[in-house]
Structures are given as C-alpha cells and as structure tokens.
Enquirer: 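Got a structure for you, written out below as structure tokens; questions coming shortly.
Side chains are part of it too, since the values below use all heavy atoms of this structure and drop only hydrogens, waters and symmetry mates. Model, not experiment: these values are computed from the prediction. We name chains A, B, ... by the order of the sequence lines, and we start the count at 1 in each one.
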Amino acid sequence: MTAIPVPAERHRQEVSTLSDAELVPLARMGDEPAIRAIIQRHNRRLFRTARAIIRNDAEAEDVVQAAYIKAFSNLAAFRGDAQFSTWLTRIALNEALARVRRQKNTTGLEEIDMQTRWGGDVLQFPSSLSATDPETELARSQARHLLENAVDELPDDFRAIFVLRDVEGMGTDEAASYLGIRPETAKTRLHRARKLMRQSIENQLSGAFSALFPFDGARCAFMADRVIAALRHKTP
DNA sequence: ACTTCATCGTGATTGCAGCC
DNA sequence: GGCTGCAATCACGATGAAGT
C-alpha cells in the first residue's frame, strides 16, 4: 500500500527529478527541497575533489560545507555560462586550495601528512558492488585501503588530476579547466600519476606476491608422500 | 539488415627543452 | 640530475556512409 504524498513531500519528489538548470532558479528563491536536491546530487563529487586536495576527511567535509554556503549565498553570480556542477566544483576546488595555503602557513607539512596517513579511513571510492560475504567484504576493504594509500602518496598536482579523471571520470579538457592547467599538462600529469600509483601498489604488495598460491607445510609434505608412494608402487 | 571501411575525436605515450 | 610542461605521435573506440 502506497501512501498518498502530502504536498510538501510531493514537491520534494518532483524537485529531485529536475535538472540543475531547473533547480537553480528555485534555489535562488530559497526553495529548501531544491537546495537539498542540489546538495545531494553534487555531494560526492565535491567531497572527492576537496579530499583530493586536502587529504583529510573532516577538513574536506568542512570545505564542501563552506563551498555550498558560498555558492548558495552567491547564486546570483552564477550566469549559466558553464554547467552548474562545473561552477560548484570550481568553488569547492578554490576553497580547498585556499585552505591548503592557509595550512601551509600555520602547520608543518609533516603534521598535515601525519594527519592524513593515520587519520583513518577514507576517500570514499564507489562501492557499487553489493557486499556478498565477510571475506569478500574484507578483501574489498583491503583493496580500497591500498588504493587510498597510493592516492594519498601522490604529489598534490598529480593527486588532483588523478581523482578528477580516474575517480570522477571527467574528460581531459574538463579536468584541466577545473585545475586551471593546459590539457597537455593534464595528460602528462595523469600518465605520471598512474605510473606512481602502479609503483606504490607494487611496493605495498611486494610481500604479497611471494605469498600467492602457497604450497608448503603440511600440504607440501603430503604431496611428497604421495609422489614417493606412487614411485614405490611403480618400481618393482 | 548486416558488414566493412573511412573518418574523427579522445586519450595514452614519449621525447625534448627549460627550470630549479 | 631530477622534475615539469609542452608538443608530436600513436592507439583505440565511436560514428556514419557505402556496399552487399
């Protein structure tokens, strides 16, 4: 049995189906469901973008929040020349870069690095596949940590382009314009970022390769027993 | 309707020059 | 010497026209 939507609820549902171009005028008039719809739609991209620059979850959340506040307070400034998402992401990016500059002035880089490395779990990679069993979930979680560590180890410039292109799936030109660099530079940085990612992951896994397909201990001894038994049986 | 081929656009790779 | 950006080139997939 489906409940009949009350007007406010119906408005919320209708609003969630609108395009950004349709939502913006509503948001300008202070329409709360429209503002919520915009936030829900762009949260992930903004967080990832901010997280790529900041390397700290809590800080990235702050940045995204500040970016939304700034954007909704200055919606009149959005002329509609570019996509709304582009405008929004650019604000978050500027906010994140400004915060990094402030941090560099007030905090040692090493300290920021420690916060990042030991600050816990993070950069939300998409988990489109549903969990199946605990082992699979554990393996997926380990793989995510591996990737997140590798991303965190990238130099700032490389990390930004890597996240925008490979995590967010932007095109070269779009990502380059977000970062204010030439597309050629974006390509080179992405290529080198991927190379560094490969090296980093290989380093993290170097011990693991030798442990693949283990065949030792009791299993090995049992095999030896069987071979010897077979040979004894064969020789007269 | 299907297959083949040419064209175009986008991304990947690499070499080289300039800078610190 | 290593890092970075630029430019040239290569590779590949998407798309549309032509032929069967």
Enquirer: Does a side-chain N or O from Arg192(A) land closer than 4.0 Å to OP1 or OP2 of dG5(C), or not?
Expert: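 For dG5(C), OP1/OP2 do not have a side-chain N/O of Arg192(A) under 4.0 Å.
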Enquirer: Measure CD1/Ile161(A) against C1'/dG11(B) and give the value in whole Å, please.
Expert: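 These atoms are roughly 12 Å apart.
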Enquirer: Measure the distance from NZ on Lys187(A) to P on dA8(C) and round it to the nearest whole Å.
Expert: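 From Lys187(A) NZ to dA8(C) P: 12 Å.
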Enquirer: If an axis is fit to five pairs at each end of the helix from dA1(B)-dT20(C) to dC20(B)-dG1(C), what is the angle between the two, to the nearest 10°?
Expert: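 What I find for the helix from dA1(B)-dT20(C) to dC20(B)-dG1(C) is an axis angle of 0°.
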Enquirer: Please determine if a side-chain N or O atom of His191(A) lies less than 4.0 Å away from the OP1 or OP2 oxygen of dA12(B).
Expert: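 Looking at the OP1 and OP2 atoms of dA12(B), neither is under 4.0 Å from any side-chain N or O of His191(A).
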Enquirer: Looking at Gln40(A) and Ala37(A), would you say the former's side chain and the latter's main chain have a donor-acceptor pair under 3.5 Å?
Expert: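 No; judged by distance alone, with no hydrogens or angles, the pair does not exist.
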Enquirer: Quick one: on DNA chain C, does Phe158(A) or Arg182(A) contact a more 5' nucleotide (nearest heavy atom)?
Expert: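 Its nucleotide being nearer the 5' end, the pick is Phe158(A).
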Enquirer: Given the rule that I, L, V, M, F, W and Y join up when any side-chain heavy atoms are under 4.5 Å apart, are Met29(A) and Ile69(A) in one cluster?
Expert: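 No, Met29(A) does not connect to Ile69(A) through the hydrophobic network.
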Enquirer: For Arg165(A) and dT13(B), what is the distance between atoms CZ and C1' respectively, to the nearest whole Å?
Expert: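 My rounded result for the distance is 13 Å.
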Enquirer: Can you tell me how the ring of Phe84(A) sits relative to the ring of Phe78(A), calling it parallel under 30°, perpendicular over 60° and tilted otherwise?
Expert: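 It falls in the perpendicular class, over 60°.
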Enquirer: Taking NZ from Lys195(A) and C1' from dT13(B), how many angstroms apart are they, rounded to a whole number?
Expert: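 About 10 Å, once rounded to whole Å.
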Enquirer: Grab the CZ-P distance between Phe162(A) and dA12(B) for me, whole Å please.
Expert: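 The answer, rounded to whole Å, is 11 Å.
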Enquirer: Glu184(A) has an atom CD; how far is it from atom P of dA12(B), in whole Å?
Expert: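 These atoms are roughly 14 Å apart.
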Enquirer: Return yes if some donor-acceptor pair links the side-chain N/O of Asp31(A) with the main-chain N/O of Ala34(A) below 3.5 Å, else return no.
Expert: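 It does hold such a pair.
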Enquirer: Starting at atom CZ of Arg159(A), determine the distance to atom P of dT4(C), rounded to an integer number of angstrom.
Expert: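 Rounded to whole Å, this separation is 13 Å.
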Enquirer: Check this one for me: any side-chain N or O of Thr172(A) less than 4.0 Å away from OP1 or OP2 of dT10(B)?
Expert: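 So the side chain of Thr172(A) is outside the cut-off, no N or O lying under 4.0 Å from OP1 or OP2 of dT10(B).
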Enquirer: Is there a side-chain contact between Tyr68(A) and His42(A) in this structure, where contact means two heavy atoms from C-beta onward sitting under 4.5 Å apart?
Expert: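 SC-SC contact between Tyr68(A) and His42(A) confirmed.
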Enquirer: Taking salt bridge (Lys or Arg N to Asp or Glu O under 4.0 Å) as the test, write out the residues that go with Arg28(A), two or more places apart.
Expert: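 Result, salt bridge (Lys or Arg N to Asp or Glu O under 4.0 Å) vs Arg28(A): none returned.
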Enquirer: Identify the two heavy atoms, one from Ala67(A) and one from Ala92(A), that lie closest to each other, and give their separation to 0.1 Å.
Expert: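 In this case the closest contact between Ala67(A) and Ala92(A) is CB-CA, 3.7 Å.
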